[in-house]
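Shown next, in structure tokens, is the structure this report addresses.
Note: hydrogens, waters and symmetry copies are ignored here, and every other heavy atom, side chains too, is used. These figures come from a predicted structure and were not determined experimentally. Residue numbers run from 1 in the order of the sequence given.
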Amino acid sequence: MSEPRTVTDPADPRLADYTGLTDVELRRRREPAEGLFIAEGEKVIRRAVDAGYRMRSMLLTPKWLEVMGDVIAAADAPVHVVEPGLAEQVTGYHVHRGALASMERRPLPEAADLLAGARRVAVLEGLVDHTNLGAIFRSAAALGMDAVLLSPDCADPLYRRAVKVSMGAVFAVPYARLDPWPAALDTVRAAGFELLALTPAGADDLAATRPQLIPRAALMLGAEGDGLTRRALAAADRRVRIPMAHGVDSLNVGAAAAVAFYAVAAG
């Protein structure tokens, strides 16, 4: 068990993992380079631990000591206790959940290894919005997708915002990077997957293609607004769309992903 220790200096080096959490560019560079990510809130911390990620440290406000007592008892990492005001000084925002943990990253698997045992995968191109990425991972977990494959320019699924929005689902669904892009889509096709590109233009209705009957299906989704690039569309086996009503041209990519995941997993 780690003995919780009170920290009163915001510049204390023991709190270094938690500094400037609202500086997106800093954290994008720093966290992968240093092999860490931040889990925020009781449920997310517990899910990260349950998924086998090793804890580097915890930062808690006093009222969370009892709630997190069992996690503290099992931890072999330092537990820093700070007042809410100091937590805000360090992180750059009001930590209303009162519990943060710095966790160690693990090496990403190869895409081919994930595909070997999968039947339903999502392939994401250019998803740079952490909220959308987190929502997609949450839907992927809830609706039975086996893996998520990311183009090199997709956002980091372990960035704090993505982890928070996904409610820890990024720990439940394995993911890998496809590089080079889009040439690495050949790896998906070689594994026996049919590539279905979601796009509103020049596409067949998703339900009419009966995607639930495709033995191995890979759903391709592009960034909010721009959608899939021409190169990605050219690499797809089929273009599919979700029919719209009332003059709506498309759904948010997170909502579209949830609909498509349900359709491909139905039955």
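- Side-chain atoms of R120 come within 3.5 Å of backbone N or O of V264 as a donor-acceptor pair.
- The side-chain heavy atoms of P4 and L65, taken from C-beta on, include a pair separated by under 4.5 Å.
- In this structure, R56 does not pair ionically with E104, as no charged nitrogen and carboxylate oxygen lie closer than 4.0 Å.
- Between L196 and D237 there is no side-chain heavy-atom pair separated by less than 4.5 Å.
- With values rounded to the nearest 0.5 angstrom, L133 atom CG is found 12.0 Å from R161 atom CZ.
- Not counting sequence neighbours, the partners of F171 by the ring-ring contact (aromatic ring centres under 6.0 Å, His included) test are F37, Y53.
- Crowding of R210 atom CZ: a count of heavy atoms from other residues, nucleotides or ligands under 6.0 Å not exceeding 12.
- Side-chain atoms of E125 and T229 form a donor-acceptor pair, as typed in the model, at a separation below 3.5 Å.
- For R28, the CZ atom sits in a packed shell: over 12 heavy atoms of surrounding residues, nucleotides or ligands are nearer than 6.0 Å.
- In plain terms, the two heavy atoms of V253 and G222 that are nearest each other are CG2-O, 3.3 Å.
- Between D50 and R47 no salt bridge is recorded (no basic side-chain N to carboxylate O distance below 4.0 Å).
- Judged by distance alone, the side chains of Y18 and S57 do bring a donor and an acceptor atom under 3.5 Å apart.
- In this structure the side chain of L21 reaches within 4.5 angstrom of the side chain of R160, judged on heavy atoms.
- Checking L149, L124, L185 one by one against M220, the side chain to side chain contact (heavy atoms under 4.5 Å, CB included) holds for a single residue, L185.
- Here the side chain of R216 pairs a donor or acceptor atom with the backbone of A118 at under 3.5 angstrom.
- When R105, H130, R27 are each tested for a side-chain hydrogen bond (donor to acceptor under 3.5 Å, both in side chains) with D156, only one passes: R105.
- Here the closest non-hydrogen pair linking A99 and L60 is CB-CD2, 3.5 Å.
- Salt-bridge check for D179 with R177: failed, with every basic side-chain N at 4.0 Å or more from each acidic carboxylate O.
- The distance from the CD atom of E88 to the CG atom of L86 is 10.5 Å, given to the nearest 0.5 Å.
- Here the straight-line distance linking atom SG of C154 with atom CG of D129 works out to 11.5 Å at 0.5 Å rounding.
- Using a 4.5 Å heavy-atom cutoff, the side chains of L115 and V188 are in contact.
- We find that R46 and D70 are joined by a salt bridge, their nearest charged nitrogen and carboxylate oxygen being less than 4.0 Å apart.
- How far CD of E25 is from CG of D23: 7.5 Å, rounded to the nearest 0.5 Å.
- In this structure, the side chain of D17 does not engage the main chain of S102 through any donor-acceptor pair within 3.5 Å.
- Closest of all the heavy-atom pairs between L195 and A235 is CD1-O, 3.6 Å.
- V240 has its side chain out of reach of D205: every pair of non-hydrogen atoms, C-beta onward, lies at least 4.5 Å apart.
- Not a single donor-acceptor pair under 3.5 Å links the side chain of H80 to the backbone N or O of M58.
- Contact between A111 and L178 at its shortest, heavy atoms only, is CB-CD2, 3.7 Å.
- L158 contributes atom CG, which lies 11.0 Å from atom CD1 of I38 (distance to the nearest 0.5 angstrom).
- Across every non-hydrogen atom of L221 and F261, the tightest pair is CD1-CE2, 4.2 Å.
- Salt bridge absent: D204 and R241 never bring a charged side-chain N and a carboxylate O closer than 4.0 Å.
- Residues M55 and V49 have side chains in contact (heavy-atom distance under 4.5 Å, counting atoms from C-beta outward).
- Using a 4.5 Å heavy-atom cutoff, the side chains of V79 and R5 are not in contact.
- Side-chain N/O atoms of T19 and R30 include a donor and acceptor closer than 3.5 Å.
- T199 OG1 to R230 CZ: the interatomic distance, rounded to the nearest 0.5 Å, is 12.0 Å.
- Checked for salt-bridge contact, E194 and R238 meet the test: a charged N lies under 4.0 Å from a carboxylate O.
- Put simply, the side chain of R14 reaches to within 4.5 Å of the side chain of V7, judged on heavy atoms.
- Pairing each heavy atom of A87 with each of L59, the nearest pair is CB-CD2, 4.2 Å.
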